[in-house]
*Asks:* 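What follows is a structure written as structure tokens; I'll ask about it next.
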Amino acid sequence: MAALLEIQGANPFRVRAYRNAARTLDALPRSVADMLAEKEDLSRLPGIGKDLAGKIAEFLDTGHFLALEEVEREVPAGLVDLTQLPGLGPKRVKVLHEELGIRNLTDLERAARKHRIRELAGFGVKTEQRIIEALSRHASEERRHKLADVEEIARFYVDYLQAIPGAKVVIVAGSYRRRKETVGDLDILVTCKQGSPIMEGFVEYDEVDTVISRGPTRATVLLRSGLQVDLRVVAQASYGAALYYFTGSKAHNIAVRTIAVKKKLKINEYGVFKGEQRVAGKTEDEIFKAVGLRYIEPELRENRGEIEAAKKNRLPRLVSMSDIRGDLHAHSNATDGHDSLREMAGAAKKLGYSYLAITDHSKRVTIAHGMDEKRLRRQLDAIDRLNSRLDGIRVLKGVEVDILADGTLDLSDSVLRHLDLTIGDIHSGFTLSSDKQSERIIRAMDNPHFKILAHPTGRLINQRPGYEVDMERVMEAALERGCYLELNAQPDRLDLHDVHCRMAKDMGLKLAISTDAHSTSNLEYMRFGVDQGRRGWLEPEDVLNTRPWRELKKLLARP
DNA sequence: GCCGTTTTCGGCCCGACTGTTTTCAGTCG
């Protein structure tokens with residue numbers, strides 16, 4: 001709706017209102033249909049007023065969104081795809097539609113190849129060529145990159161830039177710094193001595209495929225990997241303001257700028273200004289202070305309540321890697337892991353942990369060489385023997401037991417009762433309805449040995465969406481039964497989502513941040529889980545494995 | 001279309017780069 005209204009030339013603030021509302025809905029941990037069914041007032045959500053609440057209800061009720069259908073009669077829906085192409089915004093798309101009758105990407109491609117676009121006022125040969133190039137790339141790219149994949153690219157680029165003469169600070173801002181699970185592009189911020197050839201160096205980097213734009217303070221390139229990278233150069237005096245500004249998120253920035261405006265201040269990437277005078281800019285701390293806010297960690301900057309919390313000095317003290325005392329989900333070579341019990345224990349000890357749970361698969365997961373009761377008993381004996389020889393690290397006896405289709409567990413209670421930790425999860429039957437899936441999981445939690453629900457949605461980032469499940473219902477059930485949920489730290493999973501972590505925290509449900517390591521090196525995935533947890537406002541007390549074993553053991557004892 | 005320590009109307013974040021212009025609109029982040 002926002003995109004179509006924009007093409008139509010509607011009031012830009014009305015357009016923004018739709019975008020804001022969409023962002024709010026997108027970040028909700030629960031289904032809007034459920035909220036309405038429970039008679040919640042949608043207009044209490046930020047950015048959603050009486051009108052939009054009504055339209056949302058109308059859509060859920062009737063399947064129709066009349067206002068949208070009306071706009072679509074005037075502006076073909078296919079034009080929205082056009083605005084996704086670089087260089088094409090609402091104004092130009094409107095011209096393309098009105099002058100050439102273009103209705104979708106196919107029409108656009110045809111017109112570009114016939115060179116009809118270059119004839120239009122405000123367009124030219126270059127624009128036409130860019131459109132053709134963009135169309136040929138469109139299908140292959142157009143997706144966000146996993147944070148872990150981007151990290152390596154970022155590290156090399158940063159090291160390279162750092163080595164350019166005159167470079168001072170080189171830092172990656174944007175969603176990368178906010179530790180979002182996926183990153184659209186890299187925003188690199190640089191301060192340097194005057195006359196440093198940093199911009200030349202940036203565009204001449206080996207991995208650069210195309211230079212999209214380049215000015216004295218800002219440039220954009222496309223790497224061979226398909227990742228877009230922006231560089232911004234600022235003076236040292238503006239470093240904090242620029243870092244703050246380019247870290248975003250956009251929604252957060254807009255909200256804080258609005259606060260500044262009310263205080264007769266102006267925030268831009270060069271500083272905070274009172275009239276002509278710069279009153280802050282060198283550090284992020286200064287920026288926050290200037291607008292009367294406590295320092296907000298980058299992971300929280302999503303305009304999801306952090307600004308109000310900062311005003312009231314109620315920000316969470318976020319969990320960090322140094323709080324983590326152990327890992328509660330890991331595999332050995334008894335099933336599909338690469339390394340032995342002893343090797344895994346040694347690696348965990350090296351990380352400074354005091355415990356590591358070995359939670360190998362159960363028999364149903366044949367592809368992972370899952371264990372039956374007999375093999376699991378042998379492994380428990382092996383862990384006992386290992387523990388008696390180990391010093392400074394305790395291996396917890398665990399299992400990752402499959403939750404079967406009917407909600408029963410894949411191993412009998414007679415063996416589960418001997419374990420320190422039973423984690424359960426779903427590896428099949430992904431297509432059940434939300435109700436059925438939720439009931440299946442809750443049934444599994446009814447088993448008194450069940451402790452932690454692992455990777456609760458089953459999603460794989462950029463590969464497969466999670467199964468349908470009513471997360472609030474599952475969390476409530478866990479809370480009632482003394483069970484917990486996992487935040488799986490695998491960079492492909494990061495399951496729970498940040499908004500679900502927040503929901504758990506708000507409900508008082510503790511989470512385990514676990515790596516699901518299949519090798520000693522995988523244990524290092526913990527930091528991705530911690531980052532995700534921080535985005536979900538988790539504090540050390542919200543996380544099971546910040547506890548020493550003595551305390552953790554009590555928490556794991558079902559009432 | 002939303003929102004309220006300028007509250008029910010009148011505001012709504014801000015600057016850089018490009019291409020097509022000949023002083024700037026459009027796009028982008």
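Reminder, nothing fancy here: chain letters follow the sequence lines and each chain counts from 1. Quantities reported herein were computed from a predicted structural model and do not represent experimental measurements.
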*Asks:* Please check if the side chain of Arg144(A) supplies one atom and the backbone of Thr182(A) the other of a donor-acceptor pair under 3.5 Å.
*Replies:* yes
*Asks:* Rounded to whole angstrom units, what separation is found between the NZ atom of Lys266(A) and the P atom of dC12(B)?
*Replies:* 13 Å
*Asks:* What string of B, S and - do you get for nucleotides 19-29 of chain B 5' to 3' if you count protein non-hydrogen atoms under 4.0 Å?
*Replies:* SSS----SSSB
*Asks:* Whole angstrom is fine here: how far is it from CD1 in Ile254(A) over to C1' in dC14(B)?
*Replies:* 9 Å
*Asks:* Whole angstroms only, please: what is the NZ-P distance between Lys312(A) and dT5(B)?
*Replies:*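 After rounding, the reported distance stands at 12 Å.
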*Asks:* Name the nucleic acid region contacted by Asp51(A), choosing base, sugar-phosphate or nothing; use a 4.0 angstrom heavy-atom cut-off, strictly under.
*Replies:* sugar-phosphate
*Asks:* Which part of the nucleic acid, if any, lies within contact of Lys55(A), taking any heavy atom under 4.0 Å across all strands shown: a base, the sugar-phosphate backbone alone, or nothing?
*Replies:*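 Sugar-phosphate contact only - Lys55(A) comes under 4.0 Å of backbone atoms but never of a base.
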*Asks:* Which part of the nucleic acid does Leu52(A) contact within heavy-atom distance under 4.0 Å: base, sugar-phosphate only, or nothing?
*Replies:*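 The answer is sugar-phosphate, as Leu52(A) gets under 4.0 Å only of primed atoms, P, OP1 or OP2.
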*Asks:* Would you please test Arg177(A) and Glu284(A) for salt bridge (charged side-chain N to carboxylate O under 4.0 Å, His left out) and show each step?
*Replies:* CA-CA 14 Å; Arg177(A) 181 160 179 253; Glu284(A) 282 193 326; 2.9 Å; yes
*Asks:* What distance, rounded to whole Å, do you find between the two C1' atoms, one in dG26(B) and one in dT21(B)?
*Replies:* 12 Å
*Asks:* Please give, in whole Å, the distance from dG15(B) C1' to Asn253(A) CG?
*Replies:*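 To the nearest whole Å, that distance equals 13 Å.
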*Asks:* Can you confirm if the NZ or CZ of Arg301(A) lies within 45° of the ring axis of Tyr295(A) and under 6.0 Å from the centre of its six-membered ring?
*Replies:*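 Cation-pi check for Arg301(A) and Tyr295(A): passes.
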*Asks:* Taking the side chain of Arg257(A) as heavy atoms from C-beta outward, which of dG1(B), dT6(B), dC14(B) is closest to it?
*Replies:*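 Nearest to the side-chain atoms of Arg257(A), counting from C-beta on, is dC14(B).
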*Asks:* Looking only at side-chain N and O atoms, does Lys262(A) come under 4.0 Å of OP1 or OP2 in dG4(B)?
*Replies:*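 False: Lys262(A) side-chain N/O out of range (4.0 Å or more) of dG4(B) OP1/OP2.
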*Asks:* With Arg527(A) as the cation and Tyr525(A) as the aromatic partner, state whether NZ or CZ is under 6.0 Å from the six-membered ring centre and within 45° of the axis.
*Replies:* no
*Asks:* Using the C1' atom on both, measure dC12(B) against dA16(B) and round to a whole Å.
*Replies:* 22 Å
*Asks:* How close or far is atom C1' of dC14(B) from atom CG of Asn268(A), stated in whole angstroms?
*Replies:* 7 Å
*Asks:* Suppose you measure atom C1' in dC14(B) against the same atom in dC9(B); what distance do you get, rounded to whole Å?
*Replies:* 25 Å
*Asks:* Check whether more than 12 heavy atoms from other residues, nucleotides or ligands sit under 6.0 Å from atom CD of Glu152(A), and answer yes or no.
*Replies:* no
*Asks:* Pick the P atom in dT23(B) and in dC17(B), then give their distance to the nearest Å.
*Replies:*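 Nearest-Å result for dT23(B) against dC17(B) at atom P: 22 Å.
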*Asks:* Which value, in whole Å, describes the distance between the C1' atoms of nucleotides dT20(B) and dT27(B)?
*Replies:*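 One C1' to the other, the span is 14 Å.
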*Asks:* So among Thr457(A), Asp495(A), Thr515(A), Asp516(A), which one has a side chain to side chain donor-acceptor pair (under 3.5 Å) with Asn488(A)?
*Replies:* Asp516(A)
*Asks:* Could you tell me the separation between the CD1 atom of Ile307(A) and the P atom of dG4(B), rounded to a whole number of Å?
*Replies:* 13 Å
*Asks:* Output the rounded distance in Å from CG (Leu4(A)) to P (dG1(B)).
*Replies:*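 Rounded to the whole Å, the gap is 14 Å.
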*Asks:* Say you pick atom P in dG1(B) and the same atom in dT6(B); how far apart are they, in whole Å?
*Replies:* 27 Å
*Asks:* Could you tell me how far apart Arg14(A) (CZ) and dC3(B) (P) are, to the nearest whole angstrom?
*Replies:*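 One finds 16 Å between P of dC3(B) and CZ of Arg14(A), rounded.
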*Asks:* So for Asn20(A) and dG1(B), does any side-chain atom that can act as donor or acceptor lie under 3.5 Å from a complementary atom in the base?
*Replies:*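 No, the side chain and the base share no sub-3.5 Å donor-acceptor pair.
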*Asks:* Hey, does Pro216(A) reach any base, or is it just sugar-phosphate, or nothing, if we go heavy atoms under 4.0 Å?
*Replies:*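 Contact class for Pro216(A): sugar-phosphate only.
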*Asks:* More than 12 foreign heavy atoms under 6.0 Å from CZ of Arg116(A): is that the case here?
*Replies:*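 At most 12 heavy atoms, drawn from other residues, nucleotides or ligands, come within 6.0 Å of this atom.
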*Asks:* I need the Lys94(A) NZ to Ile7(A) CD1 distance, nearest 0.5 Å.
*Replies:* 10.0 Å
*Asks:* With nearest nucleotide decided by heavy atoms, which residue, Leu45(A) or Arg16(A), maps closer to the 5′ end of DNA chain B?
*Replies:*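 On the 5' side of the pair lies Leu45(A).
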*Asks:* For Phe202(A) and Tyr157(A), I'd like to know if the aromatic rings sit close, meaning centre-to-centre distance below 6.0 Å.
*Replies:* yes
*Asks:* Just N and O in the side chain of Tyr270(A): are any of them under 4.0 Å from OP1 or OP2 of dA16(B)?
*Replies:* yes
*Asks:* Can you tell me the base-pairing partner of dT8(B)? Count Watson-Crick or G-U wobble geometry only, both distances below 3.5 Å, and say none if there is no partner.
*Replies:*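 Its partner is none (no Watson-Crick or G-U wobble pair with both distances under 3.5 Å).
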*Asks:* Would you measure the distance from the P atom in dT22(B) across to the matching atom in dC13(B) and give it in whole Å?
*Replies:*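 Their P atoms lie roughly 32 Å apart.
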